[in-house]
Every structure is written in structure tokens, then in C-alpha cells.
J.: 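The following block contains the structure, expressed as C-alpha cells.
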Number of protein chains: 2
Amino acid sequence: MKLTTKGRYAVMALVDLARFDNVNPVSLRDISLRQGISLDYLEQIFLKLRKKEIVQSIRGTQGGYVLKKKAHEIKLTNIFEAVDEKIKTVQCKKESKRGCNGKPTKCLTHDLWDELENHINSFFKEKSLEDLVKNNNEKRI
Amino acid sequence: MKLTTKGRYAVMALVDLARFDNVNPVSLRDISLRQGISLDYLEQIFLKLRKKEIVQSIRGTQGGYVLKKKAHEIKLTNIFEAVDEKIKTVQCKKESKRGCNGKPTKCLTHDLWDELENHINSFFKEKSLEDLVKNNNEKRI
DNA sequence: ATAAACCCGACTAAAATAGTCAAGTATCAT
DNA sequence: ATGATACTTGACTATTTTAGTCGGGTTTAT
Ligand code: FES
Ligand code: FES
């Protein structure tokens with residue numbers, strides 16, 4: 001069970017962005033350099049973040065990205081959802097009555113995995129970008 | 001972020017085993033049929049469970065596996081550890097001062113991922129095999 | 001003896017990940 | 001105006017991981 005770079009980088013990049021946000025748009029080039037993430041890869045990620053209206057783009061020289069919502073309104077859940085970093089503890093569909101790989105009924109441990117999924121998601125639901133930035137600034141005092 | 005079949009099947013198989021355990025050894029063939037998991041794959045999984053002393057094998061006809069510990073002593077953590085289903089929220093080593101892919105320092109969000117990892121592991125630490133079996137029996141009354 | 005069961009290492013197809021690459025378009029500074 | 005900067009988009013790909021399979025053992029009850 002591992003977190004992919006897509007989710008990790010998305011959050012990393014947004015924390016970086018959020019710290020400089022209120023001044024000027026932040027270019028991906030800067031984020032790339034500061035955080036050591038490939039520029040091309042960041043572009044992919046920000047495309048998704050923009051489509052989900054988490055960030056807004058400003059084109060041209062001196063352009064970049066700014067947050068489209070307040071930092072406290074952006075939860076980790078929203079970020080992960082935007083970049084398709086999803087928690088999957090099972091293979092079977094949630095709605096379906098059938099079990100994994102088409103079995104007629106759900107397995108012995110199905111409820112456990114649901115519970116696990118909720119447990120993990122609850123972590124993402126309560127953390128906001130603002131929390132992360134604050135937390136970070138405190139440590140640098 | 002997804003749970004792999006190795007971890008999922010290990011728990012599933014052990015719950016199955018635990019339910020029949022006190023009578024006779026349970027053969028992988030039976031588990032395979034009941035749970036719809038490939039026999040060859042189960043053998044791989046049980047090899048690891050045996051090496052970590054979670055189950056004990058009984059060879060020969062009428063053989064199979066039995067739990068080596070009490071069901072309440074076997075936590076999900078132990079099972080996952082045995083089959084190498086590990087939670088990895090980061091790529092960088094825990095001990096090292098350096099960050100991901102050899103960067104000289106840990107990233108902005110490093111603490112967050114540590115926290116996440118702990119949050120997930122706490123779930124695994126508190127659930128025992130006994131809990132799962134009981135929970136299951138209750139629902140079938 | 002033989003069948004049921006565990007034991008073990010090696011192999012592999014398919015999927016997912018973590019990017020790269022190429023060819024744009026918009027906007028600002030000068 | 002024009003170049004440089006920065007976003008936009010789609011396609012492509014190497015590597016790694018996953019989810020097994022396969023083959024050939026050994027042990028033991030009957
Ligand atoms: S996890 Fe899919 S049926 Fe149990
Ligand atoms: S997660 Fe590895 S350095 Fe932050």
C-alpha cells in the first residue's frame with residue numbers, strides 16, 4: 001500500500017504555492033526548482049488541479065498559478081481527488097452486490113476493508129492546506 | 001493508494017482458517033475453494049505466514065495449517081508485515097536525514113506523510129484476527 | 001503404494017507508475 | 001512588434017510492481 005508521487009507531489013506543490021500565493025502568481029518553474037519535481041510532470045498535475053478549480057492559471061510572462069479557493073477550504077481530499085490519487089482497499093465496486101472478480105457475494109472481510117478506507121479518508125478530510133502551511137511556518141520560527 | 005491482493009488475501013484466508021481452526025488443520029485447497037483464491041498463490045502467502053510463526057503447517061494427507069498463536073494475539077499488523085504488505089507514504093528512508101531521491105534535506109510535507117503512515121498503522125495495530133472472526137459470526141446469526 | 005497435502009524457487013503477462021517529449025498558445029516587458 | 005516566459009495538451013515510454021503460474025520436489029496418513 002503506497003502513496004504515489006502524483007498525490008504526494010500535488011500536495012507538496014500546493015503547499016509551496018500557498019506560501020507565496022498572496023503576493024504573485026507562482027510559476028511551475030519555480031516550484032519545480034524549489035521542490036525538485038520535474039516541470040513536465042508538474043504540468044500534468046496542475047492541469048488536473050485547474051480543471052477541479054483548486055488553482056487558477058495566469059498565462060504569459062510573470063504568469064503562474066494562484067489558489068482559486070481559500071487555503072482553509074482546500075482539504076487533502078479535494079487535492080487527491082483532483083489528481084486521481086484514490087484509496088482503493090478492494091477491487092469490487094461499492095454499489096454492486098457482487099464480490100471481487102465477479103463472485104456472487106461479498107467476501108468475509110469486505111466490511112473490514114470498507115472500514116479501513118473510511119479510516120484513511122477521514123484523515124484526508126480533516127486536513128486543509130492552511131493547516132499544512134501553518135504547521136510548516138511554525139517549525140521555521 | 002491501494003491495498004494489494006497479497007495483504008487482502010492473507011487476511012481473508014486467515015479469517016477462514018481461524019473459523020475452523022480448533023477442530024482440524026485446514027488445507028489450502030479448502031481455503032482456495034471457499035474464498036476463490038488461487039491455490040498456488042495461497043501457498044506463497046502461507047509460506048510467509050509460517051516463517052513469521054503466525055501459522056503452523058502439518059504435512060501429509062489430512063494435513064493443512066493451524067494458527068500458531070491465539071487469534072486475539074494476531075493483529076493485522078503482524079499479518080501484513082509477514083506478507084510484506086507495507087504502508088509506504090514516502091520514498092525516502094526513515095533514518096536518513098536526506099529527503100526523497102537523495103535530496104539533502106526532507107521536504108515540506110514530510111511530517112504529514114509520517115503522520116499519515118501512523119494513522120493508517122494504528123488501524124492495523126488494534127484489529128486482531130479474533131475481532132474479525134467474532135464480527136463475522138455475529139452478522140450470520 | 002498412493003494420494004493428499006505442504007515446500008520452494010523460478011518465471012511471466014499485464015497493469016500501474018513516473019515520468020518524457022513535442023508542438024503548440026497566450027501574455028507581458030521592452 | 002518581438003522575444004521570452006509560462007501555461008496547454010496529447011501522445012509516448014521505460015521501469016517497476018502486481019498477481020499470479022509452473023514445475024518439481026518432500027512428507028505422511030491410510
Ligand atoms: S473485498 Fe471485494 S468482495 Fe470482499
Ligand atoms: S517525503 Fe521524502 S523528503 Fe519528504
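A note on names: the letters A, B, ... follow the listed sequences, proteins ahead of strands, and every chain is numbered from 1. Computed from a predicted model, the values in this text were never measured in an experiment.
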J.: Whole angstroms only, please: what is the CE-C1' distance between A/M12 and C/dA18?
T.: 14 Å
J.: Among pairs that include at least one residue of residues 118-129 of chain B, which meet salt bridge (Lys or Arg N to Asp or Glu O under 4.0 Å), considering only residues two or more places apart or in two chains?
T.: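 Sorted result for residues 118-129 of chain B: A/E115-B/K127.
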J.: For A/L3 and C/dT17, give me the distance from atom CG to atom P, rounded to whole Å.
T.: 11 Å
J.: Out of curiosity, does A/F20 fall in the hydrophobic cluster containing A/L129 (side-chain heavy atoms, cut-off under 4.5 Å, transitive links)?
T.: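 Yes, it is one cluster - the side chains of A/L129 and A/F20 are joined through contacts under 4.5 Å.
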J.: Short of 4.0 Å, heavy atom to strand atom, which residues of residues 74-88 of chain A count as contacting DNA chain D?
T.: none
J.: Only distances under 3.5 Å count here; give the side-chain donor-acceptor pairs of residues 32-42 of chain B to other protein atoms, sequence neighbours excluded, each with its distance to 0.1 Å.
T.:
{"unit_1": "B/S32", "atom_1": "OG", "unit_2": "B/I37", "atom_2": "O", "d": "2.8"}
{"unit_1": "B/R34", "atom_1": "NE", "unit_2": "B/D16", "atom_2": "OD1", "d": "3.2"}
{"unit_1": "B/R34", "atom_1": "NE", "unit_2": "B/D16", "atom_2": "OD2", "d": "2.9"}
{"unit_1": "B/R34", "atom_1": "NH2", "unit_2": "B/D16", "atom_2": "OD1", "d": "2.8"}
{"unit_1": "B/Q35", "atom_1": "NE2", "unit_2": "B/D16", "atom_2": "OD2", "d": "2.5"}
{"unit_1": "B/S38", "atom_1": "OG", "unit_2": "B/D40", "atom_2": "N", "d": "3.3"}
{"unit_1": "B/S38", "atom_1": "OG", "unit_2": "B/Y41", "atom_2": "N", "d": "3.1"}
{"unit_1": "B/Y41", "atom_1": "OH", "unit_2": "B/T5", "atom_2": "OG1", "d": "3.0"}

J.: B/D114: which residues meet the salt bridge (charged side-chain N to carboxylate O under 4.0 Å, His left out) condition with it, sequence neighbours left out?
T.: none
J.: Roughly, in whole Å, what's the span from CD1 in A/I45 to C1' in C/dA18?
T.: 10 Å
J.: Between P on C/dT27 and CD on A/Q56, what's the gap in Å once rounded to a whole number?
T.: 13 Å
J.: According to salt bridge (charged side-chain N to carboxylate O under 4.0 Å, His left out), who are the partners of A/D111, at least two apart in sequence or on a separate chain?
T.: B/K139
J.: Using a cut-off of less than 4.0 Å, is there contact between a side-chain N or O of B/S38 and OP1 or OP2 of D/dT21?
T.: yes
J.: Report the residues that fulfil ring-ring contact (aromatic ring centres under 6.0 Å, His included) with A/H110, sequence neighbours left out, ordered by chain and then residue number.
T.: none
J.: If you look only at distance, which donor and acceptor atoms sit under 3.5 Å apart when one is on a side chain in residues 45-60 of chain B and the other is two or more places apart or in another chain?
T.:
{"unit_1": "B/K48", "atom_1": "NZ", "unit_2": "B/D84", "atom_2": "OD2", "d": "2.8"}

J.: Round to a whole Å and report the spacing from CE of A/M1 to P of D/dT17.
T.: 17 Å
J.: Which whole-number value in Å describes the distance from B/Q91 CD to D/dT16 C1'?
T.: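 Atom CD in B/Q91 sits about 11 Å away from atom C1' in D/dT16.
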J.: Which residues satisfy the side-chain contact (heavy atoms from CB on, under 4.5 Å) test with A/K97, sequence neighbours excluded?
T.: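 In terms of side-chain contact (heavy atoms from CB on, under 4.5 Å), with neighbours along the sequence ignored, A/K97 is linked to no residue.
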J.: Among residues at least two apart in sequence or on other chains, which ones pass salt bridge (charged side-chain N to carboxylate O under 4.0 Å, His left out) with A/K94?
T.: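 Expected list: A/E117.
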J.: Can you measure A/K2 atom NZ to D/dT16 atom C1' for me and round it to whole angstrom units?
T.: 8 Å
J.: If I take atom NZ in residue A/K48 and atom P in nucleotide D/dT8, what distance separates them, rounded to the nearest angstrom?
T.: 15 Å
J.: Restricting to ring-ring contact (aromatic ring centres under 6.0 Å, His included), what partner residues turn up for B/H72, sequence neighbours left out?
T.: none
J.: Give the B/S/- string for nucleotides 5-13 of chain C, one per nucleotide from 5' to 3', where a protein heavy atom under 4.0 Å of the base yields B, of only the sugar-phosphate yields S, and otherwise -.
T.: SBBB-B---
J.: With a cut-off of less than 4.0 Å, is there a side-chain N or O of A/T5 near OP1 or OP2 of C/dA18?
T.: yes
J.: Would you please classify the geometry between the B/H119 ring and the A/F123 ring as parallel, tilted or perpendicular, with 30° and 60° separating the classes?
T.: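 The rings of A/F123 and B/H119 sit tilted, inter-plane angle from 30° to 60°.
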J.: Quantified as the angle between the terminal helix axes (five pairs each), what is the overall bend of the helix from C/dA1-D/dT30 to C/dT30-D/dA1 to 10 degrees?
T.: 10°
J.: Is any side-chain nitrogen or oxygen of B/Y41 closer than 4.0 Å to OP1 or OP2 of D/dT18?
T.: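 So the side-chain polar atoms of B/Y41 never come under 4.0 Å of the phosphate oxygens OP1 or OP2 of D/dT18.
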